[in-house]
Protein chains: 2
Amino acid sequence: MTPARRSLNEGGRVPALINIATRLRIDSVRATTAAGSGHPSTCCSAAEIVAALFFAEMRYDARDPQNPDNDRFVLSKGHAAPILYAAWAEAGFLKRDDLLNLRKLDSDLEGHPTPRLPFVDVATGSLGQGLCAGVGIALNARRIRSDYRTYVLLGDGESAEGSVWEAADVAGFHTLDSLCGITDVNAFGQSGPTQWQHDMEALAGRWRGFGWHTIVVDGHDLPAILDGLDKARQTIGRPTMILAKTLKGKGVSLMEGKGGWHGKPLKQGEELDKALAELQSQFVSEDGPAQRPERPKAAGRPAPKAGTVGPSAYKLGDSVATREAYGAAIARLAATDDRIVALDADVKNSTFSEKFEQQHPDRFYQSFIAEQVMIGAAMGLASRGAIPFPSTFAAFLSRAYDFIRMAAISNLNIKMAGSHAGVSIGEDGPSQMALEDLAMMRAEPNIAVLYPCDGVSTEKLVERMAYHPGPAYMRTSRPKTPVIYGPDEDFTVGGLKVVRQSSDDAATVVGGGVTVFEALKAYDELKKQGITIRVIDLYSLQPIDVATLIRCARETRGRVITVEDHYAGGGIGDAVASAIASEGFTVRRLAVGAIPRSGTPDQLLDHYGISARHIVAAVLSNSK
Amino acid sequence: MTPARRSLNEGGRVPALINIATRLRIDSVRATTAAGSGHPSTCCSAAEIVAALFFAEMRYDARDPQNPDNDRFVLSKGHAAPILYAAWAEAGFLKRDDLLNLRKLDSDLEGHPTPRLPFVDVATGSLGQGLCAGVGIALNARRIRSDYRTYVLLGDGESAEGSVWEAADVAGFHTLDSLCGITDVNAFGQSGPTQWQHDMEALAGRWRGFGWHTIVVDGHDLPAILDGLDKARQTIGRPTMILAKTLKGKGVSLMEGKGGWHGKPLKQGEELDKALAELQSQFVSEDGPAQRPERPKAAGRPAPKAGTVGPSAYKLGDSVATREAYGAAIARLAATDDRIVALDADVKNSTFSEKFEQQHPDRFYQSFIAEQVMIGAAMGLASRGAIPFPSTFAAFLSRAYDFIRMAAISNLNIKMAGSHAGVSIGEDGPSQMALEDLAMMRAEPNIAVLYPCDGVSTEKLVERMAYHPGPAYMRTSRPKTPVIYGPDEDFTVGGLKVVRQSSDDAATVVGGGVTVFEALKAYDELKKQGITIRVIDLYSLQPIDVATLIRCARETRGRVITVEDHYAGGGIGDAVASAIASEGFTVRRLAVGAIPRSGTPDQLLDHYGISARHIVAAVLSNSK
């Protein structure tokens, strides 16, 4: 715990901060008018909060935003981006003139912040995500044994997002007293007043109910804000939420406290000039400069080194579910690289991430049944150098798709795993079956999408995905499958395996996961009839091995059949079709075509048209 | 408000209910053992709650589960399905013997409940969704002026899901006193104890913080449960949450209150026999029968009739954004069909659903910035006969993907609209751009996916989607576009328009939304060079007009180019490729290939390779 750091007004701090807040308003108003779009009013409500945080509270090296010990700031209300950029100009990292390039194609000062800027950890702009990332950033401080604190600025409107309360719950469970949220309660959402307006107690009761230290302040009263931050810093064992009552558009009488000013810049000319004159008049005389606590250059920490899963735990012919091989592999990898962490949403005994917890309990973060904060916290951890493996049933990753989308925009190093893919889970029925996860992940152009079929390929790909730059996803299966690869086989992100081939194959059959084994059964069946097929294990859907797929398509005279335990849209069929289209080859798709129901795995594979029998029929009809 | 309905123990009610609870336990235990999988322990914790609800509290016609005035029950903890089926057997709707067909392929008694069963309104099994549906079902009671009450049984573990708190917030805002939640606090999640275990105050504080009437009871004490339900029924102006402290596995000493029994049936033989004997011993002597309040056959309500958007508001050459045409169209349609309702997540002035609110404020439901409850409430409304149009930015529908997935499993009549598609929104940047929504929606095989490019087609397709059976999605665009269709053009779910064609077209260019106009610009450009192209407006991606696409591909010698304001995976390119593959035709795809940034719409369309210039280049390279 950091002790109280100041007496209020010490060294003329407050007048200097008042003037900083005024400059932040001026910069925000000017930049949005120059851009012709953006959100000056939501910047103005937060000016004192941002001034207090950046120029009295937070300890950071302004020349080195990535200093691992810097206090961190997440702008959850990402549409207030201009004031974030203004703060970094005020701190000397950005040039003030550059602020007028806001929202231009050749500027990194985008409409909402992204990690293209070195002081942005996670992209924001989809509301309700910042506090989830903050949870991960605060967990990371423990991981690297740093005393940095994490500050998240939320809007009041976004407090309606359930993900905020997932974060509230998990932060409390993990006693994250280094996490401090500040909610800018300006009483307006986009289209009208928020449901709470300025009823501070309605919001405070929610945070108290979730066990947070809760402080209500006037968000334009700098001593009150500083006092709140001081109290937050002295709070042990639980996170703090400061609820700051503010006026949207504060400082510019045209918009101050008024509706209809969301996302609306002031007009060039008289409207802007009047506002600027008004703001100029708000400068006060200073008793002395604001002196913010500085961070020294980062203390030397050993450079991270890639680890390894080590020798395979399986031999040919063993039987193991890929989900179980996944759990064992991340545990072994973590033993050799302490950046590897794992997150769960109360299904660790199904995804087998419990194997990780057993060996590395200090790097295993339980999110309970809350997938959004699991992914959001993983984003925060990844932004600070960890390599997080969040996992749950693949179906329930759909709960966090907006977070996954933002992780892709942020190009963060998160390594997601989804178990219980497809109808092959059996009796639990469609609510537990992931049948759109490949489509969901493959839609994001920078997510690597992996789908191993056996234990050995799972182990190898866990290691590959850990050190693949950017986001990655591994789909694992519920049933046990035979180990078909030897311990020395190599697997790469973007590769595939041709597991059966001859010089006279009637068709190329491309499967993934459990359908590789249906394809192998079909191979055996057809061989009895004197027909050979080429069988491909497409363990990497994105990137995808275009050259080998085209070669196989050519060598099997354009007869390509895909078979997948997934709906038809956006999965293996579409991926292969897209890969080979340039050479004029097309694909015959076997996929789950209807909403499935409960049954045994074998019954369902057959009922939904993706069993060996259907592959045989497709080959025979295809080769007519 | 319904008055207090009973004195406790009146007419021997409690002993009869104790025996019903015991029968429900016996049926749940037997069915899961017969199935060899499932969740007896979570059924046992809820037996008194279910007995009290179904046989003392709820008013319903057990022969007519769809009676519009029946009190409604949503099993949010869907893995307790066996006790739901047992209750309907006890009520006489199912045959008790059928319970032993649990989880079989030819039975509708699936592992988790789906609306294949007439007493299930929405599929559950993805936790945290039931209360959101309950909000919609309770709103529907107001819509149809029924006094039915809505009961939702939640698990304690699922209270970690943010969506529960979205529902809590919205239910409070709408003062839904006809909504009553009961949380079965059995202290165990799947993989271990919940974060709260039996700290009832930790949970109660959360619900009180959100403004709910909160009651804590012993969940195995029937008089206490009945008393709680009585108090809930008498509460005015706010919803009630009854927190019932229970033991997982209650009644079977082997599993009662113990960890490690999640999702685990008892073994056939001694284990089952012993449990059944133990349960049998819990029967008590009855003073009289349980007499539950009955509903009469439904009162006659006029049969619903389809409405119409009416004559087009636009003429050729007008300029209107499809999002604006959408808002106007749903408002006009609602004037002629009172089943049409609209839901917003605080962006009504961007999606233009504010036009609906202005004309039909009583059928417009504000969810504030909470997309999960918006879709969940729409699911509940749809399950009770409304035709809901929830809308937000298309990017933020990704927030609710798990709900959309479950709406598809439920085949509910929800009509989603997503605005601000693609890079053509411009300066706000990638967080606000939907570039994966088509993939996400098209992955679900029963969601109709529509993407009109002008005002007239938007109006017509709003009417079509309203009366299309099952879920549907409309993608709308931010920029104004010219009206290119006359008022008498017809548009169908599954159709397309060929907007330019000749007998000698060099290629077929398939666009959607804003890219139709890029294709038309390319047409004009190429025409100057003496080249004609066929231009298709693919306003329906799913279902898709296979025959016309194949004909056009054939007539343009297999040269097909798709262009879309969407990432490459799962969008228009994949949809067209899949449609024409059977005839050996392939597609050249122009799509957004990288994470975009801020810029003007025209800059971005060009920068990301989907402007007229790129289409021209593709046609020219394609026709070499």
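Remember, predicted model here, so these are calculated numbers, not experimental data.
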Counting only heavy atoms closer than 4.5 Å, note whether [X] contacts chain B via side chain, backbone, both or neither.
X        : result
A/Lys104 : backbone
A/Trp196 : side chain
A/Glu371 : both
A/Glu357 : neither
A/His79  : neither
A/Met433 : backbone
A/Thr124 : backbone
A/Pro193 : backbone
A/Val347 : both
A/Arg208 : neither
A/Leu438 : neither

Give, as side chain, backbone, both or neither, the part of [X] having an atom under 4.5 angstrom from any heavy atom of chain A.
X        : value
B/Phe585 : backbone
B/Ser126 : both
B/His607 : side chain

Below 30° counts as parallel, above 60° as perpendicular, anything between as tilted: where do the rings of A/Phe210 and B/Trp165 land? perpendicular
Walk me through it: do A/Ser191 and B/Glu354 pass the test side chain to side chain donor-acceptor pair (under 3.5 Å)? CA-CA 9 Å; A/Ser191 70; B/Glu354 65 182 7; over 6 Å; no
Top contributor to chain B contacts, counting heavy-atom pairs under 4.5 Å, from A/Leu127, A/Leu203, A/Thr114: A/Leu127
Heavy-atom pair count under 4.5 Å with chain B, highest-scoring of A/Gly209, A/Ser159, A/Gly569, A/Ser398: A/Ser398
Stepwise side chain to side chain contact (heavy atoms under 4.5 Å, CB included) test for A/Asn349 and B/His262: CA-CA 11 Å; A/Asn349 53 339; B/His262 182 93; 5.9 Å; no
Answer yes or no: is there a donor N or O on one side and an acceptor on the other, between the side chain of [X] and the main chain of [Y], under 3.5 Å?
X        : Y        : value
B/Arg588 : A/Ala581 : no
B/Gln432 : A/Gly125 : yes
A/Asp346 : B/Gln190 : yes
A/His112 : B/Asp428 : yes

Enumerate donor-acceptor pairs with a distance under 3.5 Å from any side-chain N or O in residues 594-601 of chain B to protein atoms, sequence neighbours excluded.
{"residue": "B/Arg597", "atom": "NE", "partner": "A/Leu105", "partner atom": "O", "Å": "3.3"}
{"residue": "B/Arg597", "atom": "NH2", "partner": "A/Ser107", "partner atom": "O", "Å": "3.1"}
{"residue": "B/Arg597", "atom": "NH2", "partner": "A/Asp108", "partner atom": "OD1", "Å": "2.5"}
{"residue": "B/Ser598", "atom": "OG", "partner": "A/Gly111", "partner atom": "N", "Å": "2.9"}
{"residue": "B/Ser598", "atom": "OG", "partner": "B/Glu427", "partner atom": "O", "Å": "2.8"}
{"residue": "B/Thr600", "atom": "OG1", "partner": "B/Gln603", "partner atom": "N", "Å": "3.1"}
{"residue": "B/Thr600", "atom": "OG1", "partner": "B/Gln603", "partner atom": "OE1", "Å": "3.3"}

